[in-house]
Amino acid sequence: MSEALRIEHVKFGYTREKSIFKDLNLVINQGEYVVLLGHNGSGKSTLAKIIIGLNEVRRGKVFVFGQELTEENLYQVRKDVGIIFQNPDNQFIGSTVRDDIAFGLENACVPHDEMEDIINEYASKVGMSEFLDKEPSNLSGGQKQRVAIAGALATHPKLLIMDESTAMLDPKGKREIRELTMALRKEDPSLTIISITHDIEEALQADRVIVLDKGNIVMNDTPSNAFKHPEVMKQSRLDIPFIYKLKEELNARGVKVESLDFERMVDELCQ
Ligand SMILES: Nc1ncnc2c1ncn2[C@@H]1O[C@H](COP(=O)(O)OP(=O)(O)O)[C@@H](O)[C@H]1O
Ligand SMILES: [Mg+2]
């Protein structure tokens, strides 16, 4: 299986005195859907910015699709990576929604005569067709996130990083975007997704759950294994999915939850 991402012994801090990551190691394979969890300030966005070379590491190495990230190949490597930042206000360049998505396509070297169809297709996928000629600054937070998602997906990245990219959407909007990304994955099983989220239920759908706590990876496992350790989640000040709360609550009341049935319930939910 080929690797989408390899992080080796990475040290990074915004200041000399304080390191966010002291010795970070992580491998993500092509086609994996990884959910990255962690309390505010645990280093999730910092890690996303390391992967696209916005944060230059102080020690260690970062490989994206086998290529080591260096100053020279930064732009080459970024062509394969789509990132949706946490704050959609900081990522608009175009004066209209249409221009903004076009700008991303231009950077990805998509021919001009193909752009219009692609823009229309992805705007429609995120439910923003009617807003193509609007100024991004006049949109709501959730609408901005939808545009940012359309822009990132339209360039067909091999690695998609979503940094709390649906945080401003209502539950229906969140579900729509999740279904959209899942549909894209079905179309292209080699698409790798790193989803940074506080939506603990989303973690159940992932291939792998990674928990960051103060710059350390304290959990790196399948969802069903990860949530077998609610104490790790609690220590990292994270919630656990509803189904696991249900189990804890029933146990606390002395109701024996047949463990086999429970595993089956989880397996069913993780489908
Ligand atoms: N640009 C920056 N300059 C200095 N410190 C920063 C900067 N961005 C984040 N930090 C600090 O780095 C730590 C990790 O932040 P961040 O990666 O944004 O966490 P998360 O995304 O998990 O909430 C926090 O202590 C935060 O205050
Ligand atoms: Mg963040």
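One-based numbering, in listed order, for ligands and for the atoms of each.
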Asks: Please determine if the Mg ion (ligand 2) has an N/O/S atom from Gln86 lying under 2.8 Å away.
Replies: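 Yes - counting backbone and side chain alike, Gln86 has an N, O or S atom under 2.8 Å.
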Asks: Does any donor atom in the side chain of Ser42 or Asp213 lie under 3.5 Å from an acceptor atom in the other side chain?
Replies: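 Judged by distance alone, the side chains do not pair up.
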Asks: Would you call Glu3 and Arg6 a salt bridge, using N to O less than 4.0 angstrom?
Replies: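 Here Glu3 pairs with Arg6 in a salt bridge, since their nearest N and O are under 4.0 Å apart.
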Asks: Ignoring hydrogens, tell whether any protein atom lies closer than 4.0 Å to atom 14 (C) of ligand 1; use the non-hydrogen atoms only.
Replies: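 So atom 14 (C) of ligand 1 has protein heavy-atom neighbours under 4.0 Å.
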Asks: Does Ile119 belong to the same Ile/Leu/Val/Met/Phe/Trp/Tyr cluster as Leu139, with side-chain heavy atoms less than 4.5 Å apart forming each link?
Replies: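 Per the 4.5 Å side-chain linkage, Ile119 and Leu139 are co-clustered.
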Asks: Could you tell me whether ligand 1 has any atom less than 4.0 Å away from a heavy atom of His39?
Replies: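 His39 counts as a contact of ligand 1 under the 4.0 Å cut-off.
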Asks: Considering heavy atoms of the protein only, find what lies nearest to atom 16 (P) of ligand 1 and give residue, atom and distance to 0.1 Å.
Replies: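 Nearest neighbour among protein heavy atoms for atom 16 (P) of ligand 1, to 0.1 Å: Thr46 OG1, 3.5 Å.
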Asks: Between Asp188 and Lys158, is there a side-chain N and carboxylate O pair less than 4.0 Å apart?
Replies: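 No, Asp188 and Lys158 are not salt-bridged.
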Asks: So does Thr46 have any N/O/S atom less than 2.8 Å away from the Mg ion (ligand 2)?
Replies: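 Checking Thr46: none of its N, O or S atoms is under 2.8 Å.
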Asks: For atom 18 (O) of ligand 1, what's the nearest protein heavy-atom neighbour? Residue, atom name and distance, please.
Replies: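 For atom 18 (O) of ligand 1, the nearest protein heavy atom comes out as Ser45 CB, 3.8 Å.
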Asks: What residue and heavy atom of the protein are closest to atom 25 (O) of ligand 1, and at what distance?
Replies: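 Here the nearest protein heavy atom works out to Lys18 NZ, 4.0 Å.
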Asks: Indicate yes or no: does an N/O atom of Lys44 lie under 3.5 Å from an N/O atom of ligand 1?
Replies: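 Lys44 vs ligand 1: N/O contact under 3.5 Å present.
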Asks: How close does the nearest protein non-hydrogen atom get to atom 23 (O) of ligand 1, and which residue and atom is it?
Replies: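 Ranked first by proximity to atom 23 (O) of ligand 1 is Gly41 N, 2.7 Å.
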Asks: Could you tell me which atoms of ligand 1, counted from 1 in the order shown, lie closer than 4.0 angstrom to a heavy atom of Asn40?
Replies: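 Checking each atom against Asn40, I get 23 (O).
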Asks: In terms of residue, atom name and distance, what is the protein heavy atom nearest to atom 5 (N) of ligand 1?
Replies: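 Here the nearest protein heavy atom works out to Tyr14 CD1, 3.3 Å.
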Asks: Salt-bridged, Asp221 to Arg208, with N to O below 4.0 Å?
Replies: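 No.
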Asks: I'd like to know if the side chain of Glu202 pairs up with that of Ser195 as donor and acceptor (distance under 3.5 Å, no hydrogens or angles considered).
Replies: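 Checked: Glu202/Ser195 side chains pair up, N/O donor to acceptor below 3.5 Å.
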Asks: Heavy atom under 4.0 Å from ligand 1: found in Ile20's side chain, backbone, both, or neither?
Replies: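 Side chain only; the backbone of Ile20 stays clear of ligand 1.
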Asks: Centroid separation under 6.0 Å, is that true for the rings of Phe21 and Phe12?
Replies: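 Between Phe21 and Phe12, which both carry aromatic rings, the centre distance is not below 6.0 Å.
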Asks: Does the distance from a Lys or Arg side-chain N to an Asp or Glu carboxylate O, for Asp199 and Arg178, drop under 4.0 Å?
Replies: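 Looking at Asp199 and Arg178, the cut-off is met.
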Asks: Out of curiosity, is Gly38 lining ligand 1, as in a heavy atom under 4.0 Å away?
Replies: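 In this structure, Gly38 fails to qualify as a contact of ligand 1 - no heavy atom is under 4.0 Å.
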Asks: Is a salt bridge present between Lys125 and Glu121, judged by a nitrogen-to-oxygen distance below 4.0 Å?
Replies: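 Result for this pair is yes, salt bridge flagged.
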